[in-house]
Structures are given as structure tokens and as C-alpha cells.
Amino acid sequence: MTCIGRHTIHLAIIAAAVSGATGTRAATLTTAPYGTTQDGRPVNLYTMTTTRGLSVQFISYGGRLTRILAPDRRGHAADILLGFPTLADYEAKGGGHAFYFGALVGRYANRIAHGRFTLEGHEYTLPINNPPNSLHGGTKGFDTLLWNVEPVTTSGQAVSARLSLTSPDGDQGFPGTLHVTVTYALSDDNALSLQYEA
């Protein structure tokens, strides 16, 4: 069974108005080590920054947004995103337990009653991680996986990164192989958008 169709969702997250000149600098995307998961997988931290002072950070573990530094009208930046300070915190408090701060979830966002659904006459059973339901893709949903991250060509004051993964047939009980791509884009007017495609 394969994914039927292709769906793209655009979600505008934030637009911060900042006064002052933008200068001639270009938007940037940088990479740095963020730590190692409990099972030994290296995790990277990505920082996208505009010339107007907005900075967005995310990690490859769960594709999680970890920090958004947004300037106010006077240019003073503050972190406006709820999250945890370390990778160990994200592993311990996320992953189907309670918190999904900044995470890309899936295959399904929200709850599936009693962890069961029927598709084309076949009933599928999913892990119960929010009794009596299955929440956000199960105990090992997309929020616990390492996403592949590739930079997208920066254009002037805009910057973006493409995150991708493949969920094999039977993953967490879901049928069909699913290829997922999420693009994080930070525009020259300080708008962060997420584009999902599967």
C-alpha cells in the first residue's frame, strides 16, 4: 500500500515587525552539534537568522523547534517558544509520554480513539500512549525520529531548510510506506512558515 495523493499545508507561525534598516547582510543557516541521543545517535542544531533580527532554532531529533528569538519594536530579542534546555529533557519528557514541544508529529496529529481505525475494510491497531487512545503517531512517532536536514538555497534575506524522513509500511501499526518532507522557511519579513508534504 502506498500513500494516496500528495498534500501540502502552509502554516504561518510568526511575523515580527522590526524597525530599522536591514543592511546588506544575507539571511543565514548554520549547523552545530546538539548532543547524542541515549541510543548513541548524533543530533544537530540548526539556526536560521534573518537580517531583521529573527532567529529560529530547530534540532534534527523530532524536527523540533527549540528556540525563537524575536525582536520587539525596539529591537530587543526574547525567546518566545516553550521548550526544554537539553536533548535529554526532550527524550525524557517527549516521545509519547507527555510533551511534544516544538515537535513534528505523525503519522497522525491528535488522537485515534482506542488505537484502532479501519481502512479499505482492514482494521489496524496502534500503540496506546494516551490511554485509551493513540496520540500523535504512537510511542515512537515522528517526534522521536532523526530527520534528514538539507539546506535550501538562501535567497537574499530569506532562508529555508528541508527536513525529510521515510516511515516504512507497518511503522507503529500504520499501513503503507510514507515519505514525508517538511520545509522550514524564514522570509525577509520575519515570517516563519512550515510546509508539509507527504
Side-chain angles (χ1 to χ4, degrees), residues 9 11-14 16 28-50 54-70 77-112 115 126-131 133-152 159-168 171-174 178-186 191-198:
I9 301 170
L11 175 63
I13 299 294
I14 181 173
T28 60
L29 173 64
T30 60
T31 308
Y34 188 71
T36 305
T37 61
Q38 294 172 6
D39 60 0
R41 297 173 294 161
V43 174
N44 287 328
L45 172 71
Y46 299 86
T47 304
M48 299 188 301
T49 306
T50 68
L54 185 66
S55 177
V56 174
Q57 292 184 330
F58 65 92
I59 56 176
S60 52
Y61 177 76
R64 292 172 182 268
L65 292 168
T66 58
R67 190 172 196 195
I68 298 177
L69 285 177
D79 187 2
I80 61 169
L81 187 67
L82 190 59
F84 296 118
T86 68
L87 176 59
D89 288 325
Y90 283 111
E91 284 190 278
K93 298 174 184 176
H97 300 293
F99 299 101
Y100 293 85
F101 292 156
L104 298 175
V105 298
R107 287 188 186 194
Y108 188 83
N110 209 338
R111 291 162 181 83
I112 295 179
L126 313 174
I128 303 297
N129 60 330
N130 182 244
N133 307 308
S134 181
L135 177 64
H136 293 335
T139 52
K140 293 185 180 179
F142 294 172
D143 60 297
T144 66
L145 302 180
L146 286 184
W147 289 71
N148 297 314
V149 181
E150 59 178 315
V152 178
V159 62
S160 57
R162 186 176 297 116
L163 293 77
S164 62
L165 62 79
T166 297
S167 174
D171 185 16
Q172 295 294 288
F174 288 94
L178 183 68
H179 304 284
V180 184
T181 301
V182 179
T183 301
Y184 288 168
L186 199 53
L192 173 64
S193 66
L194 280 67
Q195 177 180 305
Y196 290 75
E197 202 171 303

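Keep in mind that what you see is a predicted model, and the values were worked out from it rather than measured.
The distance from the CG atom of Leu81 to the CZ atom of Arg64 is 11.0 Å, given to the nearest 0.5 Å. The line from CG of Asn44 to CH2 of Trp147 is 16.0 Å long, rounded to the nearest 0.5 Å. The distance from the OG atom of Ser160 to the CD atom of Gln195 is 9.5 Å, given to the nearest 0.5 Å. To the nearest 0.5 Å, atoms OG1 (Thr139) and CG (Leu126) are separated by 10.0 Å. Put simply, NE2 on His136 and CG on Asn129 are 9.0 Å apart, with the number rounded to the nearest 0.5 Å. Leu104 contributes atom CG, which lies 8.5 Å from atom CG of Leu165 (distance to the nearest 0.5 angstrom).
The residue from Thr30, Thr31, Ile59 that alone fulfils the side-chain contact (heavy atoms from CB on, under 4.5 Å) condition with Leu45 is Ile59. Evaluated for a side-chain contact (heavy atoms from CB on, under 4.5 Å) with Tyr61, the options Thr37, Thr36, Leu145 yield exactly one hit, Thr37.
Partners of Asn133 under the side chain to side chain contact (heavy atoms under 4.5 Å, CB included) rule, at least two apart in sequence or in another chain, are Arg111, Ala113, Asn130. Under the side chain to side chain donor-acceptor pair (under 3.5 Å) criterion, Thr166 pairs with His179, not counting sequence neighbours. By the side chain to side chain contact (heavy atoms under 4.5 Å, CB included) test, Arg67 pairs with Gln57, Leu69, Asp79, sequence neighbours left out. Every residue was checked against the ring-ring contact (aromatic ring centres under 6.0 Å, His included) condition with Tyr108, not counting sequence neighbours, and none meets it. Not counting sequence neighbours, the partners of Tyr184 by the ring-ring contact (aromatic ring centres under 6.0 Å, His included) test are Phe58. Asn148 meets the side chain to side chain contact (heavy atoms under 4.5 Å, CB included) test with Ser164; sequence neighbours excluded.
Between Val159 and Thr28 the shortest side-chain heavy-atom distance does not fall below 4.5 Å. Between Leu54 and Ile68 there is a side-chain heavy-atom pair separated by less than 4.5 Å. Between Tyr196 and Leu194, some side-chain heavy-atom pair lies under the 4.5 Å cut-off.
Ala198 and Leu178 get closest at one heavy-atom pair: CB-CD1, 3.9 Å. Across every non-hydrogen atom of Val149 and Ser60, the tightest pair is CG2-CB, 4.3 Å. Closest heavy-atom contact between Tyr34 and Tyr90: OH-CE1, 3.8 Å. Taking each heavy atom of Ala103 and Asp143 in turn, the nearest pair found is CB-CB, 3.6 Å.
Looking at Glu91, its side chain does come within 3.5 Å of a backbone N or O of Gln38 through a donor-acceptor pair.
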- Query: Hey, mind stepping through Leu163 and Phe142 against side chain to side chain contact (heavy atoms under 4.5 Å, CB included) and telling me if it holds?
  - Reply: CA-CA 12 Å; Leu163 293 77; Phe142 294 172; over 6 Å; no
